[in-house]
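All values derive from a computational prediction rather than experimental measurement. Along the sequence shown, the residues carry numbers beginning at 1. Note that these values count all heavy atoms, side chains included, but never hydrogens, waters or copies made by symmetry.
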Amino acid sequence: MNDFQTTMLDWLRANSGKLILLIIVFAAAWAADRILRRVVRKVLDNSQIPSASIFVNLMRVVVWCAAATVVLQPVFGINPTTLVTALGIGGVALSLGLKDTIANVIGGFGLMLGRVIQPGDLVSIQGVTGTVVDITWRHSMIETRGGDRMVIPNSILNTASLTRLTPVNESIATVPFTVKGSCDPDEVSRDMIRRVEAGAADVMRPENPPLVKFTGFSPYGEEGQILVFVRDGILLSTAQDKAARAIATADYLVKDGGASE
């Protein structure tokens, strides 16, 4: 045990300078990482560039790569030029193995710099509607009204068609209906709005009252839709259920395909 302690002390004496340099560089990189992270986020928040973690992560990679370059030669005895050359030789094989990751990184920068989407946007992508939460170096995160988070690779997002929605359009819940042909559309509209406002007031946007739109005709009567504008955080299906229940007892509705007429 004494021999081991002696060996360790001798090693520490011989490498104390390298250890001190390693600790100093690590501490400096850690401090720079924390400070620059806050600065970059503040600059992004005050600029026209969208604030997303992809830019912060890029800055952090640069900081830690610079720190590693500083200690490679004096601490580990590795020539940075030799390492770069070796990486260059294996770059083709590496790029083939990481082609999807590289495509996602490039796609993420394309989305952000082209301002296609940014955090906070309401979008509809491949049948999923929600709010863009973040765009990372590999994927984008979309949060639906129900709180589910959909993770979409940036390479797919960069090529897929998407729709940017306004808050009003994103909040619309529709309830189709058919009314008897002998009914007055104006009276039906007023009664439906009254019923829906009474039965679904707790889920509707107060600044957007419900609308009744007649869309056409069928052998059973006049067809239309009730448009309900739903509060944030409420499922559209919840508003549809409340609106449907509110008008369910109306005698002007065709409920059985006209079989009882």
Can you hop from [X] to [Y] via hydrophobic side chains spaced under 4.5 Å?
| X | Y | answer |
| --- | --- | --- |
| Leu36 | Val62 | no |
| Leu227 | Leu236 | no |
| Leu122 | Ile152 | no |
| Phe214 | Phe217 | no |
| Met204 | Phe229 | no |

Heavy-atom pair of closest approach, residues [X] and [Y]:
| X | Y | value |
| --- | --- | --- |
| Val254 | Lys180 | CG2-N, 3.8 Å |
| Val63 | Ala32 | CG1-CB, 4.3 Å |
| Pro119 | Asp134 | CG-CA, 4.5 Å |
| Ser124 | Leu165 | CB-CD1, 4.2 Å |
| Val132 | Ile117 | CG2-CD1, 4.2 Å |
| Val230 | Ala239 | CG2-CB, 3.4 Å |

Quiz item: Are Arg190 and Asp186 close enough, and set up right, to give a salt bridge (charged side-chain N to carboxylate O under 4.0 Å, His left out), and what steps lead you there?
Solution: CA-CA 6 Å; Arg190 287 191 291 269; Asp186 292 334; 5.2 Å; no
Would you compute the distance between atom [atom1] of [X] and atom [atom2] of [Y] and round it to the nearest 0.5 angstrom?
| X | Y | atom1 | atom2 | result |
| --- | --- | --- | --- | --- |
| Asn154 | Ile135 | CG | CD1 | 6.5 Å |
| Thr131 | Asp232 | OG1 | CG | 8.0 Å |
| Met192 | Leu253 | CE | CG | 4.5 Å |
| Glu222 | Ser182 | CD | OG | 9.0 Å |
| Glu170 | Thr163 | CD | OG1 | 12.5 Å |
| Met141 | Met150 | CE | CE | 12.5 Å |

Exercise. Step through the shown structure and confirm whether more than 12 heavy atoms of other residues, nucleotides or ligands are within 6.0 Å of CZ on Phe26.
Key: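 12 or below, so no.
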Quiz prompt | Verdict with reasoning, Val203 to Arg231, per side-chain contact (heavy atoms from CB on, under 4.5 Å) | solution = CA-CA 6 Å; Val203 299; Arg231 295 175 185 265; 5.6 Å; no
Exercise. Report the C-alpha distance between Lys242 and Val228 in whole Å, list the side-chain angles of each, state the deciding distance to 0.1 Å, and finish with yes or no for side-chain contact (heavy atoms from CB on, under 4.5 Å).
Key: CA-CA 10 Å; Lys242 286 180 174 288; Val228 181; over 6 Å; no
Quiz item: Sub-3.5 Å donor-acceptor pair from the side chain of Arg145 to the main-chain atoms of Ile234, do we have one?
Solution: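 Checked: pair present.
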Practice problem: Could you tell me whether a side-chain N or O of Asp241 sits under 3.5 Å from a main-chain N or O of Thr238, the two making a donor and an acceptor? | Solution: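 Absent.
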Quiz prompt | Electrostatic pair Asp191:Arg195 at N-O distance under 4.0 angstrom | solution =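 Arg195 and Asp191: salt-bridged.
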Quiz item: Would you call Glu197 and Pro210 a side-chain contact if the rule is heavy atoms closer than 4.5 Å?
Solution: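 Yes, at least one pair of side-chain atoms sits under 4.5 Å.
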Quiz item: Does a side-chain heavy-atom distance below 4.5 Å link Val212 with Ile193?
Solution: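 Touching, per the 4.5 Å side-chain cut-off.
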